[in-house]
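Numbers here simply count residues along the sequence, with the first being 1. Remember, predicted model here, so these are calculated numbers, not experimental data.
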Amino acid sequence: MYQENVVLCGASSYEQKYYFNPDFNSLPESIKQELQIMCVLYTEDIGGILTLEFDEKGNLQFKTEALDADAMYDEIGSVLKIKSLQSEKRELLESLEMYYRVFFLGENLEEDVQNVDNGD
């Protein structure tokens, strides 16, 4: 269905804007708000642009970029902040991956549960 990464959401410190992919409007409002807060706070703290994207296998990736002329962008802080978010928001991120795999990639939920149970 999708050949490239699919953007879930993103924020830019340069334009001070947040983007949410309307393909995911069926997500609960509380999840949408949590994603917005997470992305906006990241760009306020670190700078640059953050996007959350699903790869072709349904894994949620944090993608960052910054302008070369952006002396305020904190590259080391970015890595640390992403690791922190992945740890703190692990349950949310795993749920989003499951949602994407089932509703966008058409995977069978029972197969995923069996794979987790089998340690795959």
Side-chain angles (χ1 to χ4, degrees):
M1 184 171 166
Y2 294 102
Q3 284 82 31
E4 297 181 16
N5 287 2
V6 176
V7 174
L8 170 61
C9 59
S12 169
S13 66
Y14 306 122
E15 297 178 20
Q16 295 186 341
K17 289 189 178 180
Y18 172 76
Y19 168 78
F20 182 80
N21 185 339
D23 289 348
F24 296 94
N25 276 341
S26 62
L27 285 171
E29 199 59 39
S30 61
I31 301 291
K32 293 184 211 176
Q33 290 173 355
E34 192 168 351
L35 289 168
Q36 181 175 5
I37 291 167
M38 184 174 70
C39 290
V40 170
L41 286 179
Y42 170 92
T43 58
E44 288 293 315
D45 290 347
I46 305 298
I49 299 168
L50 172 69
T51 56
L52 274 62
E53 304 177 7
F54 291 101
D55 66 16
E56 65 279 350
K57 294 181 180 178
N59 299 311
L60 191 57
Q61 309 285 322
F62 284 70
K63 303 281 179 138
T64 63
E65 59 183 278
L67 299 175
D68 290 336
D70 186 356
M72 300 301 291
Y73 178 72
D74 183 358
E75 197 167 334
I76 294 170
S78 172
V79 172
L80 296 174
K81 183 76 169 177
I82 288 171
K83 285 185 185 292
S84 173
L85 287 171
Q86 288 172 327
S87 175
E88 291 171 18
K89 306 287 185 183
R90 189 175 129 251
E91 191 173 313
L92 169 68
L93 300 173
E94 288 174 353
S95 296
L96 288 166
E97 288 176 342
M98 181 70 69
Y99 170 87
Y100 183 79
R101 287 182 178 128
V102 170
F103 291 103
F104 286 79
L105 299 180
E107 291 183 11
N108 187 338
L109 182 60
E110 293 170 5
E111 290 174 8
D112 288 338
V113 171
Q114 287 176 349
N115 287 341
V116 170
D117 291 343
N118 294 332
D120 291 340

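Of the inter-residue distances, the one linking R90 atom CZ with L85 atom CG reads 14.5 Å to the nearest 0.5 angstrom. To the nearest 0.5 Å, the span separating CG on L92 from CD on Q86 amounts to 12.0 Å. Taking NZ of K57 as the reference point, atom CD of E97 lies at 12.5 Å (rounded to 0.5 Å).
When hydrophobic clusters are built by joining Ile, Leu, Val, Met, Phe, Trp and Tyr residues whose side-chain heavy atoms come closer than 4.5 Å, directly or via intermediates, Y42 is grouped together with L8. Using a 4.5 Å cut-off between side-chain heavy atoms of Ile, Leu, Val, Met, Phe, Trp and Tyr, with links allowed through other members, V6 and V102 fall into the same hydrophobic cluster. Following chains of ILVMFWY side-chain contacts shorter than 4.5 Å, one can reach L96 starting from F104, so the two form part of one hydrophobic cluster. L105 and M98 fall within a single hydrophobic cluster, where Ile, Leu, Val, Met, Phe, Trp and Tyr side chains are chained together by heavy-atom contacts under 4.5 Å. L67 and I49 fall within the same hydrophobic cluster, where Ile, Leu, Val, Met, Phe, Trp and Tyr residues are linked whenever their side-chain heavy atoms come under 4.5 Å apart, directly or through other members.
Within a 6.0 Å radius of CD in E94, other residues, nucleotides and ligands contribute more than 12 heavy atoms.
Side-chain polar atoms of N59 and R101 form a donor-acceptor pair below 3.5 angstrom.
Scored by the side chain to side chain donor-acceptor pair (under 3.5 Å) test, E88 finds S84 as partners (sequence neighbours excluded). For E53, the side chain to side chain donor-acceptor pair (under 3.5 Å) criterion is met by N5, T51, not counting sequence neighbours. Judged as a side chain to side chain donor-acceptor pair (under 3.5 Å), and not counting sequence neighbours, S87 has no contacts. Listed by chain and number, the residues in a side chain to side chain donor-acceptor pair (under 3.5 Å) with Y73 are T64, S78 (sequence neighbours excluded). Every residue two or more places apart in sequence or in another chain that forms a side chain to side chain contact (heavy atoms under 4.5 Å, CB included) with S13 is listed here: T43.
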Donor-acceptor list for residues 27-38 side chains, cut-off 3.5 Å, not counting sequence neighbours:
from, atom 1, to, atom 2, distance (Å)
K32, NZ, N25, O, 2.9
E34, OE2, K89, NZ, 3.0

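Side-chain atoms of Y19 never come within 3.5 Å of backbone atoms of S12 as a donor-acceptor pair (strictly under, hydrogens ignored).
Identified under the salt bridge (charged side-chain N to carboxylate O under 4.0 Å, His left out) test for residues 65-86, with sequence neighbours left out: D45-K81. Sorted by first then second residue, the ring pair (Phe, Tyr, Trp, His ring centres under 6.0 Å) pairs that include residues 45-68, not counting sequence neighbours, are F24-F54, F54-Y100. Among pairs with a residue in residues 7-21, none fulfils salt bridge (charged side-chain N to carboxylate O under 4.0 Å, His left out), at least two apart in sequence or across chains.
When all heavy atoms are compared, the tightest approach of C9 to Y18 is CB-OH, 3.3 Å. Scanning all heavy atoms of the two residues, the minimum distance from L93 to L60 falls at CD2-CD2, 3.6 Å.
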*For F103 and S26, run side chain to side chain contact (heavy atoms under 4.5 Å, CB included): C-alpha distance rounded to whole Å, both residues' side-chain angles, the deciding distance at 0.1 Å, then the answer.*
CA-CA 10 Å; F103 291 103; S26 62; over 6 Å; no
